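On a predicted model such as this, the values are computed, not experimentally measured, just so you know. Indexing begins at 1, ligand by ligand and atom by atom, following the structure's order.
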Amino acid sequence: MADALQLREVSAHYGPARALDSVSLRVAPGEVATLVGRNGAGKTTLLRCVMGLHRTTTGRIALAGREITGLAAHRRARLGLGQVPDDRGIYHSLSVKEHLTLPHTDRGRGWSLERIHDTFPLLAERRRTPAAKLSGGEQQLLALARVLRMGSTVMLCDEPSEGLAPVMVQRVGEVLREAKTHGVAVLLVEQNLRFAATVADRHYLLDRGRVVESLDNSAVRDREHELLDRLGL
Ligand code: ATP
């Protein structure tokens, strides 16, 4: 089966400055891969290149075996690429239900409201609540739910655990594991290595725009101290 997402030797620049240097990585369907690295390593730039929000200079990006390198962001979204941005992309005046019913949903792939409510009972309870009244953790869950509702087969998440209470971090982890069981592939930027190790199958270490190591999750557990040190955490 084709990888859900594949990058081959992708480079990207800001003016003359190189932010990504020949990055190759892959995420299989139902797999979670993380991007870890110090501040400025290129993690957000990589997500933006995959989403079509930043132009790649060289290299190729493929979604389920189909090349998307030159496509506009909205066309990538239609092909199954979903982004949970770091600001969560929430509209404060809309209710939880409106967030889950207004976006274009793919009837074949998109999760039904019933399945969303089963996976996110908290959102079912709060369906009439305006998003402005949700906690940060609840907003994060809503952002994840919206991407699944739209039928994304590949989810890009930028630090979903950041600033959340431990119980909500745990909930986000449960949702990502549930998404995996439905074949969704996840590429996760995550500074919290302990959390990442509870959901990920594989980790890519980025340093100054290059993938310097690709590790199985078991290796992360064994080398936690060394890795935290390398990441400056
Ligand atoms: P952080 O964890 O701090 O968000 P990151 O790993 O996501 O870091 P990026 O934000 O992708 O890293 O930045 C990669 C490199 O590109 C850095 O050297 C950064 O200074 C540079 N960079 C990022 N955004 C811009 C921009 N808009 N203009 C110029 N340079 C930028």
Side-chain angles (χ1 to χ4, degrees), residues 5-27 32-61 63 68-73 76-77 81-90 136-137 139-140 143-144 147 152 154-164 168-169 172-173 176 185-215 217 220 223-233:
L5 177 69
Q6 188 183 34
L7 273 70
R8 269 184 290 159
E9 301 187 352
V10 167
S11 296
H13 291 72
Y14 291 99
R18 184 157 52 190
L20 293 178
D21 184 1
S22 205
V23 170
S24 296
L25 61 81
R26 48 179 49 186
V27 193
V32 175
T34 67
L35 284 175
V36 289
R38 288 172 180 258
N39 289 345
K43 306 178 296 294
T44 300
T45 304
L46 194 147
L47 289 193
R48 289 176 58 78
C49 285
V50 174
M51 211 52 228
L53 301 173
H54 188 86
R55 197 173 64 82
T56 51
T57 326
T58 57
R60 293 175 165 212
I61 303 175
L63 196 65
I68 58 165
T69 318
L71 289 188
R76 298 181 196 211
L81 197 55
Q83 187 194 22
V84 183
D86 51 2
D87 67 359
R88 300 174 185 133
I90 296 294
Q139 288 187 2
Q140 185 65 57
L144 288 166
V147 168
S152 301
V154 174
M155 261 171 53
L156 309 177
C157 300
D158 202 348
E159 305 224 37
S161 74
E162 194 183 18
L164 302 189
M168 285 316 246
V169 173
V172 168
L176 292 177
V186 183
L187 182 60
L188 186 71
V189 165
E190 192 50 72
Q191 290 283 64
N192 180 344
L193 202 58
R194 291 228 167 99
F195 166 67
T198 67
V199 290
D201 301 283
R202 199 190 302 218
H203 306 265
Y204 291 96
L205 249 68
L206 266 188
D207 185 22
R208 279 165 284 183
R210 293 185 71 91
V211 172
V212 290
E213 215 172 329
S214 151
L215 300 155
N217 199 35
V220 166
R223 292 171 50 193
E224 188 182 334
H225 290 294
E226 175 213 331
L227 292 169
L228 288 173
D229 198 41
R230 277 172 73 182
L231 295 169
L233 297 170

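In summary, the atoms of ligand 1 found under 4.0 Å from a heavy atom of A41, numbered by their order in the structure, are 5 (P), 6 (O), 12 (O). Within the listing of ligand 1, atoms 9 (P), 11 (O), 13 (O), 14 (C) sit less than 4.0 angstrom from a heavy atom of T45. Atom numbering of ligand 1 starts at 1 in the shown order; those under 4.0 Å from a heavy atom of R38 are 6 (O).
Distance check on atom 8 (O) of ligand 1: some protein heavy atom falls below the 4.0 Å cut-off. Protein heavy atoms come within 4.0 Å of atom 31 (C) of ligand 1.
The main-chain N or O of L206 is never found under 3.5 Å from a side-chain atom of K43 such that the two would form a donor-acceptor pair. Panel note: side chain R38, backbone R230; a donor-acceptor pair is recorded below 3.5 Å. In this structure, S214 contributes its side chain and Y204 its backbone to no donor-acceptor pair below 3.5 Å.
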Legend entry - Derivation and outcome, salt bridge (Lys or Arg N to Asp or Glu O under 4.0 Å), residues D207 and R210: CA-CA 5 Å; D207 185 22; R210 293 185 71 91; over 6 Å; no

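At a cut-off of 3.5 Å, with distance as the only test, no side-chain donor of T58 or E9 sits close to an acceptor on the other residue.
Dense packing is recorded around CZ of R223, with more than 12 heavy atoms of other residues, nucleotides or ligands lying under 6.0 Å away. Within 6.0 Å of CZ on R76 lie more than 12 heavy atoms contributed by other residues, nucleotides or ligands.
Residue nearest to atom 14 (C) of ligand 1, selected from A12, G15, G40: G40 (by heavy-atom distance). Between atom 10 (O) of ligand 1 and the options T44, D158, L206, the minimum heavy-atom separation is to T44.
Y14 CE2, 3.7 Å is the protein heavy atom nearest to atom 27 (N) of ligand 1.
For the pair G42 and ligand 1, a heavy-atom separation below 4.0 Å is found.
Considering both main-chain and side-chain atoms, K43 comes within under 3.5 Å of ligand 1 through a nitrogen or oxygen pair.
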